[in-house]
Amino acid sequence: MTDYDPHSIESRWRDRWTEAERYEAEPDDAESTFVTVPYPYPSGGMHVGHARTYTVPDVYARYRRLQGDTVLFPIGWHVTGTPIIGAVERLKKGEEQQLDVLQNTYNVPSDTLSELETPMGFARYFIEEHYKKNMKALGLSVDWRREFTTNDERYKRFITWQYERLNDRGLLEKGLHPVSYCLEQEDPVTTHDILEGEEAEFQEYTLVKFDWDGTTVPMATLRPETVHGVTNAYIDPDAEYVRAQVDGDEWIVSTEGAEKLAHQARDVERLDSFTGERLVGQRVTNPVTEEPVLVLPAGFVDADNATGVVMSVPAHSPDDWIALQEAKDDDERLQEYGIDPETVRAIEARPIADVDGYGEVPARDAVEFAEVESTTDPELEEVRQELYNNEFHSGRLKEMYGEYAGRIISDVRDAIKAEYQQRGAFDSMYDFAEMVVSRAGGKVIVSEQETWFLRYNDPDWTEMAHEAVGEMTVIPETTREQYTHTIDWLEEWPCIRNYGLGTPLPMDDDFIIEPLSDSTIYMSYYTIAHRLQDVPVEQLTPKFFDTLFYGSDAVAEPDETALDLRGEWEYWYPVDFRCSGNDLISNHLTFYLYHHAELFEKPQWPQGVTSMGMGLLEGEAMSSSSGHVVLPSEAIEEYGADTVRFFLLNSAEPWQDFDWRDERVEDTRDQLERFYDRAAEIIELDCPDEQPDLEPIDRWLLAKLQETVAAATDALEAFETRKASQAAFYGFEEHLRWYRRRTDRDRPGARWALREVLRTRLELLAPFVPFLTNELHERLTGEPSTAWPSVDPQLTDPIVEIEEMLIEQLTEDINDIVNVTGTDPDRIAVYTAADWKYDVFEQVTETGPDVGAVMSEVMERPELRERGNEVNQLVRDLVDQVRGRDDETLATMADVEERSVYERAREFFAGEFDAEIVVKNETDAETDSEREQASGAVPFRPAVHLN
RNA sequence: GCGAGGGUAGCCAAGUUAGGAAACGGCGGCGGACUCAAGAUCCGCUCCUGUAGAGGUCCGCAGGUUCAAAUCCUGCCCCUCGCACCA
């Protein structure tokens with residue numbers, strides 16, 4: 001019954017566009033528009049969430065093209081770094097989950113798997129078999145001549161240039177940085193490489209350097225400000241400890257602690273080892289208070305956490321409090337270690353801060369209140385958290401803190417720490433708070449590595465980045481603050497990795513520039529990527545790129561080719577819109593701004609960024625590892641590319657999350673099919689070439705069309721794909737429904753109007769559903785959609801719109817009365833308001849919607865004053881009518897001849913309600929009962945009576 | 001914890017920037033028209049009450065400002081995203 005066959009239409013148009021090189025963009029006299037999207041990272045296949053990411057810029061590109069611009073929409077492939085290598089490794093190891101994803105989620109044939117066993121083989125497979133095929137099937141208007149990968153020699157030359165220049169400008173810096181490090185692989189690891197403890201964050205522990213006869217016993221703590229409250233120390237008597245030279249001093253730490261320190265850029269030399277028992281019962285001296293304190297044995301001390309020795313602050317730590325009580329009660333154990341129980345019993349908690357809501361010894365109060373009695377009680381965790389929180393935010397230090405006395409801990413902790421560190425009493429080390437294990441099975445620790453950084457906290461650079469944000473269009477506007485915040489928050493960014501695909505750092509080619517750092521200005525590379533193919537790699541020196549980007553004056557002997565290419569770059573740059581994801585604001589998008597601001601002049605800075613929301617599938621997050629994804633190829637096969645596109649663009653605005661629900665997608669497909677069928681009918685109609693006489697209802701439809709053109713245009717300018725397509729598609733369907741109900745469509749005027757409407761809507765929808773619309777447009781007019789429509793002032797008609805609105809309102813009113821009374825009237829009387837009521841209306845529009853003010857004006861007029869209450873009620877009704885309508889509309893309303901509007905529509909009403917329709921003015925009422933019925937008439941709200 | 005966004009009728013979702021109509025639209029549900037029938041299409045209804053187009057109560061919760069609040073202010077609850085070497 002339907003002729004709509006998306007697959008044949010779509011393949012036909014795809015072929016035509018390819019043959020015509022339709023989207024191969026060359027500089028010309030027209031305005032240029034340059035839109036980009038982050039190049040895909042082919043470490044796996046593409047799902048329908050990615051499809052939206054690339055379709056949104058496509059819609060904008062198509063829109064700008066219809067507006068007459070020359071538009072560039074390119075794609076490249078990001079393969080930098082380790083994810084692809086990791087994926088290949090997992091494949092080669094035959095890891096089950098990886099095989100499952102490749103074979104079952106992404107349908108890689110078994111006999112092809114071997115091709116994926118090299119990084120570029122893997123990338124190439126997904127580029128060709130997934131991304132490109134899907135993108136072409138979706139009809140993305142990409143200039144495919146410009147594609148490249150970030151592992152290409154020419155691209156590497158470009159990145160080399162970028163990093164040499166950044167280095168020249170002093171924005172690169174070499175230094176130490178803590179990273180997660182796998183002891184098994186002896187290499188840094190990323191979150192993706194971590195099997196256990198993926199969420200773990202590493203902490204910077206303060207080491208309080210207690211002294212034991214000239215040997216340092218560093219006690220690890222996260223609360224350095226409690227140093228005055230230390231009453232004793234704890235060590236695990238059974239764990240292994242070492243004495244070692246650490247940066248020239250002698251330290252005692254756990255064996256694990258020593259290994260960690262060795263990885264944190266310290267010079268560690270082990271002297272001897274022993275169990276913790278050796279320190280038990282010894283006295284060590286607090287470096288701040290210079291007091292000796294006793295070392296007690298404790299099983300709860302974890303030798304594999306920081307140094308494996310901790311200080312005890314029983315007044316403020318619930319753990320320490322309980323442990324101390326337990327020690328006091330266990331004479332036997334103490335004696336075992338040769339400790340006099342009396343000395344332990346003499347230890348008293350030493351409060352160092354006043355905390356709101358707690359007594360003198362907060363830890364005791366907290367423990368007693370919660371009735372926790374043992375260090376193994378699971379509830380202790382909660383008690384500890386709560387107390388720590390309260391102390392941190394409301395604890396005030398006591399007098400022993402000198403200049404810090406009376407201050408809130410959260411305000412001064414860092415200062416105290418820095419001060420004692422400076423004085424040599426404190427040191428620090430990094431560690432995780434929990435066990436972390438890599439996928440390779442090795443223990444993961446925090447290591448400090450020599451690294452190159454990008455100095456994103458450089459004040460001048462930061463300032464320029466702020467400026468760039470200030471000058472660009474941000475969609476949605478609410479994200480602007482996120483950029484500002486990110487810029488202020490960014491510190492130095494380590495921009496290299498030890499291994500991976502990509503470009504070696506020119507200053508130190510043992511390292512590879514990491515993915516987020518080699519993807520900041522590559523949009524400029526698109527402008528010349530296709531032409532660079534003809535330039536020998538060796539010719540692409542930094543000077544070549546200087547010439548290309550900075551012009552002939554930048555170098556002594558400018559390269560001719562570079563100068564020639566410079567024209568292309570100048571034509572396309574700046575990037576008009578970068579369409580990216582919400583999640584990239586805090587890194588990629590902000591880096592993009594930084595690097596543009598630094599390396600290019602202001603006119604070349606980013607003009608606009610839109611960030612997109614995520615995709616859900618049947619209400620849940622998509623996940624390729626669990627197979628909870630829909631592949632674009634499958635969706636297109638089932639519904640057609642236009643349906644997929646339309647659903648993605650129409651179900652939510654780009655920055656909102658969308659939810660792919662099969663049922664909804666099916667509905668979308670049905671709607672498009674219906675649209676297609678109706679369009680086909682109109683195309684078949686015999687239609688006059690010249691505009692025939694139009695009825696008011698035809699002019700109304702055409703006026704609505706103009707409104708729709710304006711709304712869709714405004715919306716697309718703001719990237720509101722949903723609003724634009726809703727207006728052009730669903731919104732207009734409603735107007736058409738009313739039109740069909742209101743009129744006979746077999747008139748020349750109606751045919752002409754419907755044809756005009758169809759043509760325009762096809763143009764409005766062309767960016768969204770390009771296959772369907774171009775097909776129909778060509779059948780209708782002989783050529784594809786070539787221009788975006790503009791509002792035709794000849795076809796706007798405010799009066800006819802108001803007249804039609806009155807008819808709709810009256811239809812609703814009559815219908816309401818019929819419903820509520822349950823009657824089936826034979827005769828419907830419609831009374832328009834008496835002339836004096838229109839005088840009052842005019843007064844209301846003049847005075848404004850203020851009942852009191854209008855009344856005092858109106859009461860000046862004797863002929864109105866004598867109507868008293870009636871006028872009062874009328875003014876109230878009219879004020880409600882007028883409120884919220886602009887002056888223009890009100891002025892137009894004043895020109896409407898209400899009675900003739902209803903009379904012209906008599907036939908329509910008669911048909912709708914199957915009744916005789918009588919239209920009269922209120923003043924023409926003859927009998928008392930008729931006058932009664934008619935008296936309620938208000939301008940633009942006639943009285944109605946049913947019999 | 002920090003930063004950002006959000007909570008609207010059974011579901012999805014507009015409206016919030018410029019306060020002013022129980023609150024666009026869709027889905028689902030109910031009734032009707034057309035049809036041999038189904039589907040498609042069309043017309044009503046779909047918070048409560050109501051045989052005259054009305055009234056009442058509503059926009060996470062609790063207050064406040066105002067003639068008037070889904071919209072502005074304050075506090076609270078809940079959800080989502082980001083928080084660094086990772087695309």
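Naming: A, B, ... by sequence-line order, numbering from 1 per chain.
When each of B:A84, B:A4, B:A40 is scored by its nearest atom to the side-chain atoms of A:R674, the top-ranked nucleotide is B:A40. When the nucleotides B:G5, B:C43, B:A13 are ranked by their closest atom to the side chain of A:R722, B:A13 comes out on top. Nearest nucleotide to the A:D667 side chain, out of B:C27, B:C42, B:G53: B:C27. Comparing B:G5, B:G53, B:G44 by their nearest atom to the side chain of A:I817 picks out B:G53. In the set B:G44, B:C45, B:C42, B:C45 carries the atom at the smallest distance from any side-chain atom of A:D816. Of the candidates B:G53, B:U51, B:G5, the closest approach to any side-chain atom of A:T821 belongs to B:U51.
Rounded to whole Å, atom P of B:G3 lies 22 Å from atom CG of A:L589. The distance between atom OH of A:Y4 and atom P of B:A40, rounded to the nearest whole Å, is 19 Å. Rounded to whole angstrom, the span from the CD atom of A:E681 across to the C1' atom of B:U41 amounts to 11 Å. Taking atom CD of A:E653 as the reference point, atom C1' of B:A13 lies 11 Å away to the nearest angstrom. We find that CE of A:M612 is positioned 20 Å from P of B:G5, with the value rounded to whole Å. In this structure, A:D659 atom CG and B:C79 atom C1' are separated by 15 Å, rounded to whole Å. Nucleotide B:G44 holds its P atom 13 Å from the CG atom of A:D813, rounded to whole Å. In this structure, CD of A:E812 is placed 15 Å from P of B:A22, rounded to the nearest angstrom.
As the counterpart of B:G50, no nucleotide is assigned, since no Watson-Crick or G-U wobble pattern has both distances under 3.5 Å. In this structure, B:C24 makes no Watson-Crick or G-U wobble pair, since no nucleotide meets both defining distances under 3.5 angstrom. Pairing partner, B:U35: none, since no Watson-Crick or wobble contact has both distances short of 3.5 Å. Here B:C81 sits opposite B:G3 as a Watson-Crick or G-U wobble pair (both hydrogen-bonding atom distances under 3.5 Å). If you check B:C45 for Watson-Crick or wobble pairing at under 3.5 angstrom, you find it paired to B:G29. Figure legend. B:C72 is base-paired to B:G64; pairs are counted as Watson-Crick or G-U wobble with both atom distances under 3.5 Å.
The distance between the ring centers of A:Y388 and A:F392 does not fall below 6.0 angstrom. A:H735 and A:F732 have their aromatic ring centers within a separation under 6.0 angstrom. Taking the ring centroids of A:W452 and A:Y163, they lie at or beyond the 6.0 Å cut-off. For A:Y594 and A:Y456, the distance between ring centers is under 6.0 angstrom.
Here the straight-line distance linking atom CG of A:L648 with atom CE of A:M612 works out to 11.0 Å at 0.5 Å rounding.
Where A:Q656 and A:P942 each meet RNA chain B at their nearest nucleotide, the meeting point lying more 5' is that of A:Q656.
In this structure, A:R742 is positioned above the aromatic face of A:F908, its NZ or CZ under 6.0 Å from the six-membered ring centre and within 45° of the axis.
When the P atom is compared between B:A13 and B:A4, the two are found 24 Å apart, to the nearest whole Å.
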